[in-house]
Amino acid sequence: MSVKWTRGDIGAFVCERVHADKVVNALKATNTHPRRKREIWNCGVYGWLNNNCGRWPHEGTKFGVGVTAHGALAMQTTPTEELPRTIQQILPLVEWVPGLRRPSMDDPPNQVAPKESKFTFSELFCGIGGFRVGCESIGGHCMAAAEPDMYCRQTYEDNFGHPPQYRCVTQIDTSTFPSHNLLTAGFPCGPFTRAAANHRQGFEDPRGLLYHQITRILRDVQPESFLLENVPGVLDQKEDIVSDLQTANYSVHVFVHDVASVIPQTRKRVFFVGFRNDLGIKKYEVPPIPIFNRLTKEALDWDLSEDDINSYTVPDEVLNRVFSRNLAKIRQIERYAVMDKPYATLQSSYKKLTAYCQLVDGKRLLTEREFSRMMGFPDSFKYSEVRAYPQLGNAVPPPIVSVIASDVISKFNPKVSLSHGWSAAAQMAISSSNTSSDISTRSVDLPTGKSITVRQLAEAEDGSLCF
């Protein structure tokens, strides 16, 4: 049986200054994943030490030491004798204070939106900024973003000029969080992914409960709407998540969509859309979404040098070993990318040659730029040379954000219409294709029944198309 986290799923140990190092080391000893045997992501979700907080002067001669949500949950629900031994050893030296956060340590968010912006939004679990690319393309202004991963933060800064203002969502002080119109979040999908069903733990995995942080911020900040994205496996926990979000004063609507309609990749995803109850929006229908018929060949770089091709080609001995696996035998036919069809679903583990990994000509991996195009990012987007595949594979495709977010905002803001989203998605379809693609001249059907080219759709930036 899983245990739900509450508003008390944060906290800190308070101790005398002379004991602070000992407490930090005790918590640090738990920050290793039991299977992977290495330091895990910055929030330390499996461990106890919140790496984003560390220790800080508290009162007088006392110090506070930040604890992760996982540790806070254990302090609330686990008998002392069942806590990690290193934690038991420091209990006589500390006082557990639930709800205690380190005083604001993040850069203050930009709380004033430019006059030309049509709406404002925030990004939680923002990764490299997929939601931001999509929302900015329809006139949105980002008020605040949160991301713990140091590599994602660097990629985010490379593209937007600054890193996400917040690190660990559990440490966000909602009293200073800027007001905005749309909250977006791609909360951790690992606990729900069906690609690794033997590891899927749902709410038994502490990361699976981080959606409570979204509810906490929604409840306290009260933006007009929200848009969340996750993998289909999250539907197993749909009732619990929807129920929790509703407690924050929102109507909640859930639907599944294959993003292959706007990117050259099969990618089914679950979207949670919510509206604040006072807006009176009780029903929400999935908006018309453009169908661009994107193809694998449009994202490939046909001008690669022989050296580049060789550097991305998987050695025969590795291919033979991979193809010999039972699961790979079952899916071997799917390992060959078909040029005139969408690519298979890309994952953060792409380079590890999992059973879901397709290869160009059956031998070559996608380059980082090709991978980026498959995810719908324009060629102007700067990807990191370090961990590019995991970062891109965990991202939300910006074109689908443009379409859905424009429809959500249009329900209460006349400055934005669904046609803005369609035009933005068309622009990204063109800018994420190779030069030999015919995507610009391809016909796309509008909801009105009229057909125009993708280029014409992309040039209708003023939202002049009547839907």
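Worth knowing before you read on, the calculation uses all heavy atoms, side chains too, and leaves out hydrogens, waters and symmetry mates.
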* To do: Start with the C-alpha gap between Arg269 and Val396, add the side-chain angles, then the distance that decides, and say whether side chain to side chain contact (heavy atoms under 4.5 Å, CB included) holds.
  => CA-CA 9 Å; Arg269 286 298 181 263; Val396 56; over 6 Å; no

* Asked: Would Tyr312 and Thr367 satisfy side chain to side chain contact (heavy atoms under 4.5 Å, CB included), going step by step from the backbone distance to the final call?
  -> CA-CA 7 Å; Tyr312 288 95; Thr367 67; 3.7 Å; yes

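- The shortest distance between side-chain heavy atoms of Phe160 and Val133 falls below 4.5 Å.
- Evaluation of the salt bridge (charged side-chain N to carboxylate O under 4.0 Å, His left out) rule for Asp173 yields no partner, not counting sequence neighbours.
- Proximity of Ser225 to Asn181: side-chain heavy atoms (C-beta onward) are nowhere separated by under 4.5 Å.
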* What's the verdict on side chain to side chain donor-acceptor pair (under 3.5 Å) for His212 and Thr215, showing C-alpha distance, side-chain angles and the deciding distance? -> CA-CA 5 Å; His212 284 297; Thr215 300; 5.1 Å; no

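- Counting all heavy atoms, side chain and backbone alike, Lys415 lies closest to Ser117 at NZ-O, 4.4 Å.
- Between the CG atom of Leu457 and the OG atom of Ser440 there is a distance of 11.5 Å, given to the nearest 0.5 Å.
- Looking at every heavy atom in both residues, Thr174 comes nearest to Val221 through O-CG2, 4.1 Å.
- Between atom CD of residue Gln265 and atom CG of residue Leu366 there is a gap of 9.5 Å, rounded to the nearest 0.5 Å.
- In this structure a side-chain-to-backbone donor-acceptor pair under 3.5 Å is present from Gln165 to Ala145.
- Taking the side chain as every heavy atom from C-beta outward, Glu459 and Arg455 approach each other to under 4.5 Å.
- Smallest separation of non-hydrogen atoms from Leu218 and Pro223: CD2-CG, 3.7 Å.
- A salt bridge links Arg442 with Asp438; the closest basic N to acidic carboxylate O contact falls under 4.0 Å.
- Arg373 places no side-chain N or O within 3.5 Å of a backbone atom of Asp379 that could act as its donor or acceptor partner.
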* To do: Could you go through the side chain to side chain contact (heavy atoms under 4.5 Å, CB included) check for Lys118 and Ile138 one step at a time?
  => CA-CA 8 Å; Lys118 297 174 182 176; Ile138 56 173; over 6 Å; no

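- Judged purely by atom type and a 3.5 angstrom limit, Glu224 has no side-chain atom pairing as donor or acceptor with the backbone of Phe412.
- The shortest heavy-atom contact between Arg267 and Pro397 is CD-CG, 3.9 Å.
- Proximity of a side-chain donor or acceptor of Ser402 to a complementary backbone N or O of Gly134 within less than 3.5 Å is detected.
- Remark: Asp340 pairs with Lys297 by the salt bridge (charged side-chain N to carboxylate O under 4.0 Å, His left out) rule, at least two apart or across chains.
- The two residues Pro378 and Ser431 make their nearest non-hydrogen contact at CB-OG, 3.2 Å.
- The shortest heavy-atom contact between Pro398 and Met375 is CD-O, 3.6 Å.
- Looking only at side-chain heavy atoms (C-beta outward), Leu228 and Leu245 come within less than 4.5 Å of each other.
- For the atom pair CZ (Phe13) and NE2 (His58), the distance works out to 13.5 Å, reported to the nearest 0.5 Å.
- Under the 4.5 Å side-chain criterion, counting only non-hydrogen atoms from C-beta, Leu27 is not in contact with Thr68.
- Put simply, the side chain of Arg216 reaches to within 4.5 Å of the side chain of Ile172, judged on heavy atoms.
- For the pair Ile452 and Leu446, the minimum side-chain heavy-atom distance is below 4.5 Å.
- Listed for the Thr296 side chain is a donor-acceptor partner under 3.5 Å among the backbone atoms of Lys341.
- Remark: side-chain polar atoms of Asn249 are not paired, donor with acceptor, to backbone N or O of Arg276 under 3.5 angstrom.
- The CG atom of Asn230 sits 14.0 Å away from the NZ atom of Lys238 when rounded to the nearest 0.5 Å.
- Here NZ of Lys450 is found 11.0 Å from OG of Ser443. Values are rounded to the nearest 0.5 Å.
- Ser372 contributes no side-chain N or O that, together with a main-chain N or O of Glu368, makes up a donor-acceptor pair within less than 3.5 Å.
- Glu123 contributes a side-chain N or O that, together with a main-chain N or O of Arg132, makes up a donor-acceptor pair within less than 3.5 Å.
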* To do: Please test Met428 against Phe377 for side chain to side chain contact (heavy atoms under 4.5 Å, CB included), starting from the C-alpha separation and ending with a verdict.
  => CA-CA 7 Å; Met428 282 184 269; Phe377 284 89; over 6 Å; no

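- Residues Phe177 and Tyr166 bring their aromatic ring centres within 6.0 Å.
- With rounding to the nearest 0.5 angstrom, the OG atom of Ser122 is 10.0 Å from the CZ atom of Phe131.
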Under 3.5 Å, side-chain donor or acceptor atoms of residues 280-295 against the rest of the protein: list the pairs with distances, not counting sequence neighbours.
{"residue": "Tyr284", "atom": "OH", "partner": "Asp407", "partner atom": "OD2", "Å": "2.7"}
{"residue": "Arg294", "atom": "NE", "partner": "Glu298", "partner atom": "OE1", "Å": "2.7"}
{"residue": "Arg294", "atom": "NH2", "partner": "Ser433", "partner atom": "OG", "Å": "2.9"}

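- Using cut-offs of 30° and 60° for the angle between ring planes, the Tyr389 and Tyr350 rings count as tilted.
- Taking 4.5 Å as the limit, every side-chain heavy atom of Leu359 sits out of range of all side-chain heavy atoms of Arg364.
- The backbone N or O of Pro178 sits less than 3.5 Å from a side-chain atom of His180, completing a donor-acceptor pair.
- Without hydrogens or angle criteria, Thr30 side chain to Trp48 main chain gives a donor-acceptor distance under 3.5 Å.
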